[in-house]
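Notes to accompany the following structure.
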Protein chains: 2
Amino acid sequence: MSSLPAAPVRLEPLADEGVLRGGDGRYEKFLGDLAGLYRDEAAYRAALAADAGAPVYWVETSTPEHGDGALTVGISVLEPGTIGDEFYMTRGHLHRLADRAELYYGLSGRGVMLLESLDGESRAVEIGPGTAVHVPGHWVHRSVNVGEERLATLFCYPADAGQDYEIIARAGGMRRLVVRDGDGWTTRPNPDHTGYRRD
Amino acid sequence: MSSLPAAPVRLEPLADEGVLRGGDGRYEKFLGDLAGLYRDEAAYRAALAADAGAPVYWVETSTPEHGDGALTVGISVLEPGTIGDEFYMTRGHLHRLADRAELYYGLSGRGVMLLESLDGESRAVEIGPGTAVHVPGHWVHRSVNVGEERLATLFCYPADAGQDYEIIARAGGMRRLVVRDGDGWTTRPNPDHTGYRRD
């Protein structure tokens with residue numbers, strides 16, 4: 001080995017503060033970044049007009065090294081809310097290297113991971129404190145906050161995975177929508193979905 | 001893609017029960033498997049003579065797929081105790097593909113991750129509920145239970161990583177020992193350690 005290995009990192013994913021102490025990266029998504037994500041455009045425009053400018057969700061990460069075998073670890077924090085009858089959600093992605101898997105471990109709140117294969121399967125899996133979702137490769141996936149509090153998850157994926165967000169936009173959204181159903185949630189088909197196509 | 005992707009898996013790492021609900025693999029290590037791990041051979045023999053036959057530590061895993069990009073997720077559970085002045089510990093390993101990283105996230109108990117590079121660095125990092133250690137590639141690492149309760153951690157690493165345990169045995173043990181120090185712990189040099197050598 002020609003160089004010293006990267007130093008080990010002690011991390012504290014702080015769900016209440018929405019912070020990954022010890023991490024080295026962060027990005028935020030605001031309501032204004034999410035045009036086209038929700039089907040109810042009038043509700044989206046109304047929410048945007050009333051928006052106080054705080055992020056809808058953000059991600060903090062630890063990537064102390066790159067290359068084969070490296071992992072990115074992080075915390076994802078998603079505020080509660082709805083636009084029309086759809087719950088707040090992340091944009092969702094397929095990994096650019098589509099065979100890269102991912103682990104999500106629930107820290108706080110009440111969420112649903114929506115997972116769809118390119119060839120027609122759709123799964124909605126609940127995630128919350130103390131439960132995890134092991135996402136194999138080749139699944140388009142998104143987090144949805146179906147509770148009243150922030151949804152915070154710890155995640156881990158190969159650092160070279162990358163994110164393809166456009167595959168969802170090209171398909172007219174994910175196959176199913178996660179919507180309010182009384183005090184709970186359910187899924188229904190997205191009538192705009194036209195099937196997933198790789199580039 | 002010629003075949004359907006592996007199905008997503010919902011996991012419940014249950015620290016109290018020491019179980020990964022939803023997992024698909026398990027192994028156990030008993031005191032009798034750990035000859036040579038502790039420096040105090042008389043204390044080891046006495047512990048073995050009094051041993052009730054329960055495992056010292058065990059690991060339950062989820063590996064729903066193999067190949068590039070796949071992850072193994074699991075729970076590691078290590079009983080509390082000492083042999084001489086050394087705390088109960090896992091054998092420790094370098095990944096067989098040495099550049100493979102690993103995440104450990106503390107679920108219960110009070111532990112130390114002992115991490116050593118092949119070229120002489122040694123680190124001891126505390127881990128407990130809500131804290132994590134992000135282990136980059138090329139670090140020999142072991143978990144040590146420095147508390148009075150079971151140490152349970154959630155872990156995640158590339159499924160092709162593999163484990164090389166022999167590198168520690170060939171070196172006469174890890175460079176440092178994690179030992180009792182009053183009510184706490186400290187590390188001291190292992191006089192038997194002869195340096196790490198790959199095969």
Side-chain angles (χ1 to χ4, degrees), chain A residues 1 3-15 20-23 62-65 67-73 95 97-103 105 107 113 115 117-121 123 125-127 130-139 141 154-161 198, chain B residues 1 3-15 20-23 62-65 67-73 95 97-103 105 107 113 115 117-121 123 125-127 130-139 141 154-161 198:
Chain A
M1 208 168 41
S3 61
L4 291 172
V9 182
R10 186 170 188 274
L11 297 172
E12 289 181 78
L14 302 174
L20 182 66
R21 193 172 286 164
S62 163
T63 310
E65 58 173 350
D68 282 357
L71 295 170
T72 291
V73 173
H95 288 147
L97 298 178
D99 62 2
R100 270 38 180 176
E102 186 158 359
L103 166 68
Y105 176 75
L107 298 173
M113 293 287 313
L115 305 123
S117 69
L118 301 189
D119 46 13
E121 283 200 80
R123 311 278 182 99
V125 182
E126 289 216 17
I127 187 167
T131 68
V133 182
H134 190 161
V135 183
H138 301 289
W139 289 88
H141 55 282
L154 180 74
F155 61 79
C156 178
Y157 59 81
D160 64 0
R198 304 301 298 272
Chain B
M1 209 167 41
S3 59
L4 291 172
V9 182
R10 186 169 188 272
L11 297 172
E12 289 181 77
L14 302 174
L20 182 66
R21 191 171 289 164
S62 164
T63 310
E65 58 173 351
D68 282 358
L71 295 170
T72 291
V73 173
H95 289 147
L97 298 179
D99 63 2
R100 270 39 178 174
E102 187 159 359
L103 167 68
Y105 176 74
L107 298 172
M113 293 287 311
L115 305 122
S117 68
L118 301 189
D119 46 14
E121 283 200 80
R123 311 278 182 98
V125 182
E126 289 216 15
I127 187 167
T131 67
V133 183
H134 190 160
V135 183
H138 301 288
W139 289 88
H141 55 282
L154 180 74
F155 61 79
C156 179
Y157 60 80
D160 64 0
R198 302 301 298 273

Over all atoms of both residues, closest heavy-atom pair of B:Pro136 and A:Ala7: CG-O, 3.4 Å

Heavy-atom proximity to chain A below 4.5 Å, by part of B:Glu65: side chain

Flag side-chain contact, heavy atom, 4.5 Å: A:Pro8 against B:Met113: no

Most chain B-contacting option - heavy-atom pairs closer than 4.5 Å, from A:Glu126, A:His134, A:Arg123, A:Glu121: A:His134

Region of A:Ala159 in contact with chain B, defined by heavy-atom distances below 4.5 Å: neither

With B:Tyr157 via side chain to side chain donor-acceptor pair (under 3.5 Å) - residues at least two apart: B:Gln163

Selection from B:Ala98, B:Ala70, B:Gly67, B:Gly130 maximising heavy-atom pairs under 4.5 Å formed with chain A: B:Gly130

Side chain / backbone / both / neither for B:Val125 at chain A, heavy atoms under 4.5 Å: side chain

Matching residue for A:Cys156 among B:Leu103, B:Leu154, B:Val73 - test: side chain to side chain contact (heavy atoms under 4.5 Å, CB included): B:Leu103

Side chain to side chain contact (heavy atoms under 4.5 Å, CB included) assessment of B:Leu107 paired with A:Tyr105: CA-CA 11 Å; B:Leu107 298 172; A:Tyr105 176 75; 3.3 Å; yes

Side chain / backbone / both / neither for B:Arg10 at chain A, heavy atoms under 4.5 Å: both

Close side-chain approach of A:Ser117 to B:Pro5, heavy-atom, < 4.5 Å: yes

Flag side-chain contact, heavy atom, 4.5 Å: B:Pro158 against A:Leu71: yes

A:Leu97 portion near chain B, given a 4.5 angstrom heavy-atom threshold: neither

Interchain contact, B:Ala6 with chain A, by part (heavy-atom threshold 4.5 Å): both

